[in-house]
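Comments concern the structure below.
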Amino acid sequence: MKELAHAALSARFNEDEPRVDWHDETLWWVRQKRDKMARSIPEWEELREGASQVKEHVLSHLSEYLEMFEEEAIKNGVRVHWAADAAEHNAIVAGILKGHGIDRMVKSKSMLTEECHLNDYLKEQGVDVVDSDLGERIVQLAGEPPSHIVLPCIHWKKEEIGELFHKHLGTPKGNADPQLLTHAARLSLRKEFLTRKVAITGVNFAVAETGEFVVCTNEGNADMGAHLADVHIACMGIEKLIPERVHLGIFLRLLTRSATGQPITTYSSHFRRPRKGQEMHIVLVDNGRSTQLGKADFRSSLKCIRCAACMNTCPVYRRSGGHSYHTAIAGPIGSILAPNLDMEKFADLPFASTLCGSCSNVCPVKIDIHVQLYKWRQVIVQKGYVGAAKKIGIETMNYTLSHPWFYRMAGKAGRWVMRVMPFAVSNKLNPWYRQREMPRAAKTSFTDWYKANKQAAGDNKR
Amino acid sequence: MTTRDKILEAVRQAQPAYQELREPEIHIHQEEDLAAQFSRTLKAIGGQVYDLQALSEIFPWVIEHLDRDQRVISMIPELSEIAEGVNPQADPHSLEDIGLAIVQGQFGVAENGAIWVTEENMGVRVLPFICQHLALIINKKDIVGTLHTAYARINHADYGFGTFIAGPSKTADIEQSLVLGAHGPISLSVFILEE
């Protein structure tokens with residue numbers, strides 16, 4: 001069986017230790033900003049509970065809300081498309097482009113289009129796509145996928161971006177000033193906004209009651225694209241619905257505070273009708289969501305609002321980097337979403353966690369992420385999708401823990417080996433030793449210690 | 001069966017037992033002085049705040065802050081002396097070289113420094129995004145505490161496009177260093193009008 005991909009890819013990321021520390025600290029800093037914001041709102045926990053309940057209600061009534069949303073959107077003059085999977089989604093987008101004879105377009109951030117690999121598909125079709133979010137533009141120029149859903153190039157150093165922009169945008173060689181680099185991207189992307197006739201955006205929330213959808217950005221790139229283009233295509237997963245406009249109050253209070261520690265994004269744009277002379281399309285995408293909805297243990301993952309708080313707090317994500325998850329949505333939430341799409345390919349991801357539960361603690365819609373990670377492990381092992389080494393390990397552990405005589409003997413042997421010949425375990429052949437110091441072995445087992453001390457304590461009492 | 005019907009059927013089969021939509025129990029904490037909270041929050045996210053007694057006080061500000069050759073544009077009739085008007089039928093691309101846009105906001109939100117603006121206020125949707133600098137005007141009495149109050153106020157208003165604007169366009173995508181002026185306005189000035 002193939003080696004578990006996450007472990008191998010993290011090992012590669014971990015070759016450069018100072019970089020790992022920098023990555024870790026940067027994300028932890030974002031997490032701390034989130035904490036500060038959350039703590040400044042006394043009703044924070046009520047907001048989380050409220051958001052969770054609204055989303056659970058939506059999931060229990062999703063088909064009705066989808067129909068309601070479609071009806072309202074059509075009334076608003078929007079064309080609504082349905083896509084069962086990524087391929088159908090991509091074909092719909094390509095069809096709209098072809099219908100207008102257009103082969104260049106601009107796109108703002110949409111994790112759904114990443115999930116569907118839209119850019120690759122359109123490239124094959126001869127369509128030139130420019131990602132307009134600065135972070136996404138950087139990784140696009142570098143030929144990489146984003147490593148984080150909110151901070152797409154969080155793994156890039158400014159010197160490297162300076163080098164990249166020197167090559168592609170003609171900025172002065174050796175200049176790594178974020179101000180200058182951002183300005184260069186602003187000028188270059190403005191040209192794209194002004195000349196491209198089709199704009200794709202994602203959707204943060206779609207309101208069933210009114211048929212409108214909300215797109216949140218700090219840069220203003222979604223708006224620049226959409227309001228200048230003749231055709232606006234908004235792509236969304238079917239789980240993005242909320243019942244009424246008033247519920248936006250809850251979600252917009254939570255989203256950016258959880259994501260970056262800002263009180264709100266610079267722009268929270270509510271698109272309801274196309275502007276005069278413009279064409280507006282919404283593509284509603286299932287791509288495995290209805291399957292996930294049918295799984296009682298995992299359906300609440302569909303409550304996710306893509307804030308990335310779970311990534312910023314995750315001790316594994318911070319030290320392994322987004323690309324180690326080899327899926328569009330990395331981190332803890334990605335690890336419970338991806339196995340639904342392809343259990344074999346993503347069998348490694350639910351194991352890329354310490355199950356510490358920090359992700360669930362910060363989740364603004366109260367998804368029990370770490371519980372679902374644990375549950376996916378059960379499913380994946382039962383289906384036989386784990387590697388041989390892990391399988392043997394699990395079986396050995398199972399035998400040891402269910403046979404007390406063997407457990408005691410193994411403990412004794414282990415302690416003896418570590419005391420008498422520590423080199424037998426502290427060497428490169430032991431994968432556990434790679435990033436860790438082995439502990440000093442105790443002289444006695446806990447059982448023996450407990451027996452002796454309980455006896456002594458009892459004697460004292462007497 | 002169309003894809004639409006297939007998806008809807010699959011969702012219908014998969015969705016759990018109906019769970020009622022309850023009114024979320026949220027005890028909103030609100031500061032006393034909403035205008036002060038609004039100004040403080042907006043400054044913290046990179047906006048500039050000015051208190052005005054009369055709208056005409058904007059005139060000297062515009063003259064001071066802009067070069068003479070920069071285009072200033074506004075839908076507000078009282079500002080016609082210093083700003084050209086917005087033609088709602090105009091090609092959005094024709095606004096490419098706007099230096100300053102002055103837009104009437106409907107209300108501000110104290111907790112996050114956001115201002116609600118709809119298409120009617122903008123004239124052309126792209127205006128508050130494409131201009132180099134943006135000025136928004138709100139009345140001091142039109143500041144609400146939180147987004148809950150904001151949406152209660154928006155209620156069932158009919159708009160084709162509406163947006164909350166909170167500060168100048170920004171990015172921190174390069175090593176988390178904050179840079180103002182990503183794709184939209186480099187600066188946001190908010191004028192709070194005392195009535």
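Numbers restart at 1 for each chain; the letters A, B, ... are given by sequence-line order, proteins then strands.
- For B/Asp91, no part lies under 4.5 angstrom from a heavy atom of chain A.
- For B/Ala17, the part lying under 4.5 angstrom from a heavy atom of chain A is the backbone only.
- Contact annotation for B/Thr146: only side-chain heavy atoms (C-beta onward) come within less than 4.5 Å of a heavy atom of chain A.
- Heavy-atom neighbours of A/Glu43 CD from other residues, nucleotides or ligands within 6.0 Å: above the threshold of 12.
- For A/Pro243, the part sitting under 4.5 Å from any heavy atom of chain B is the side chain, from C-beta outward, and nothing else.
- Ranking A/Gly277, A/Ala296, A/Ser60 against chain B, the residue ahead of the rest is A/Ser60, based on heavy-atom pairs under 4.5 Å.
- A/Leu189 is listed as a side-chain neighbour of A/Glu192, based on a closest heavy-atom distance under 4.5 Å.
- Residue contact with chain B, scored on non-hydrogen atoms closer than 4.5 Å, involves the backbone and the side chain of A/Leu134 alike.
- B/Leu95 does not touch chain A: none of its heavy atoms, backbone or side chain, sits under 4.5 Å away.
- When each of A/Gln262, A/His247, A/Glu64, A/Met224 is checked for heavy-atom pairs under 4.5 Å with chain B, A/Met224 comes out on top.
- In terms of heavy atoms, A/Thr182 sits closest to B/Ala182 at CG2-CA, 4.4 Å.
- Pairing each heavy atom of A/Pro152 with each of A/Val150, the nearest pair is CD-O, 3.3 Å.
- In summary, the aromatic rings of A/Phe271 and A/His227 are positioned with their centroids under 6.0 Å apart.
- When heavy atoms are compared at a cutoff of 4.5 Å, A/Met37 does not approach chain B at all.
- In this structure, B/Asp173 and A/Glu219 approach most closely via the heavy-atom pair OD2-OE2, 3.1 Å.
- Ranked by heavy-atom pairs under 4.5 Å with chain B, the list A/Cys216, A/Pro42, A/Ser40 is led by A/Pro42.
- The contact between B/Ile154 and chain A is made by backbone and side chain atoms together, counting heavy-atom distances below 4.5 Å.
- Centroid-to-centroid, the aromatic rings of A/His57 and B/Tyr18 come within less than 6.0 Å.
- Around atom NZ of A/Lys157, more than 12 heavy atoms belonging to other residues, nucleotides or ligands sit under 6.0 Å away.
- Using a 4.5 Å cut-off between heavy atoms, A/Ile250 touches chain B through backbone and side chain atoms alike.
- In this structure, chain B has a heavy atom under 4.5 Å from the side chain of A/Gln278, while its backbone stays farther away.
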Let me see the working for A/Asp286 and A/Ser290 under side chain to side chain donor-acceptor pair (under 3.5 Å), right down to the final yes or no. CA-CA 6 Å; A/Asp286 181 344; A/Ser290 58; 2.6 Å; yes

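- Nearest heavy-atom pair, A/Trp22 versus A/Ile154, reported as atom, atom and distance to 0.1 Å: CH2-O, 3.5 Å.
- With a 4.5 angstrom heavy-atom cutoff, B/Leu8 touches chain A via backbone and side-chain atoms both.
- Heavy atoms of B/Glu20 lying under 4.5 Å from chain A belong exclusively to its backbone.
- Interface remark: of the candidates A/Ala51, A/Gly77, A/Ala185, A/Ala83, A/Ala83 forms the most heavy-atom pairs closer than 4.5 Å to chain B.
- No side-chain heavy atom of B/Met75 sits under 4.5 Å from any side-chain heavy atom of B/Asn121.
- No donor-acceptor pair closer than 3.5 Å links the side chain of B/Arg125 to the backbone N or O of A/Ala226.
- For chain B, the nearby part of A/Glu209 is the side chain; its heavy atoms alone come within less than 4.5 Å.
- The closest side-chain heavy-atom distance from A/Glu70 to A/Ile74 is below 4.5 Å.
- Looking at A/Lys33, the atoms closer than 4.5 Å to chain B (heavy atoms on both sides) all sit in the side chain, from C-beta outward.
- Highest contact tally toward chain B, considering only A/Gly220, A/Gly50, A/Ala84, is held by A/Ala84 [criterion: heavy-atom pairs under 4.5 Å].
- Only the side chain of A/Val30 comes within less than 4.5 Å of a heavy atom of chain B; its backbone N, CA, C and O stay farther away.
- A distance below 6.0 Å separates the ring centres of B/Phe164 and B/Tyr151.
- Contacts between A/Gln292 and chain B at a heavy-atom distance below 4.5 Å are absent for every atom of the residue.
- Of all the heavy atoms in B/Thr163 and A/Ser269, the pair that sits closest is OG1-OG, 3.0 Å.
- Annotation: maximal heavy-atom pairing with chain B below 4.5 Å, among A/Arg289, A/Gln53, A/Lys295, A/Arg275, occurs at A/Arg275.
- Interface remark: B/Thr41 contributes side-chain atoms only to the contact with chain A (heavy atom separation under 4.5 Å).
- Contacts of B/Glu111 with chain A are made by both backbone and side-chain atoms, with heavy-atom separations under 4.5 Å.
- Proximity to chain B is absent for every atom of A/Thr256, based on heavy atoms less than 4.5 angstrom apart.
- Only the side chain of A/Glu212 comes within less than 4.5 Å of a heavy atom in chain B; its backbone stays farther off.
- When heavy atoms are compared at a cutoff of 4.5 Å, B/Pro168 approaches chain A solely by way of its backbone atoms N, CA, C and O.
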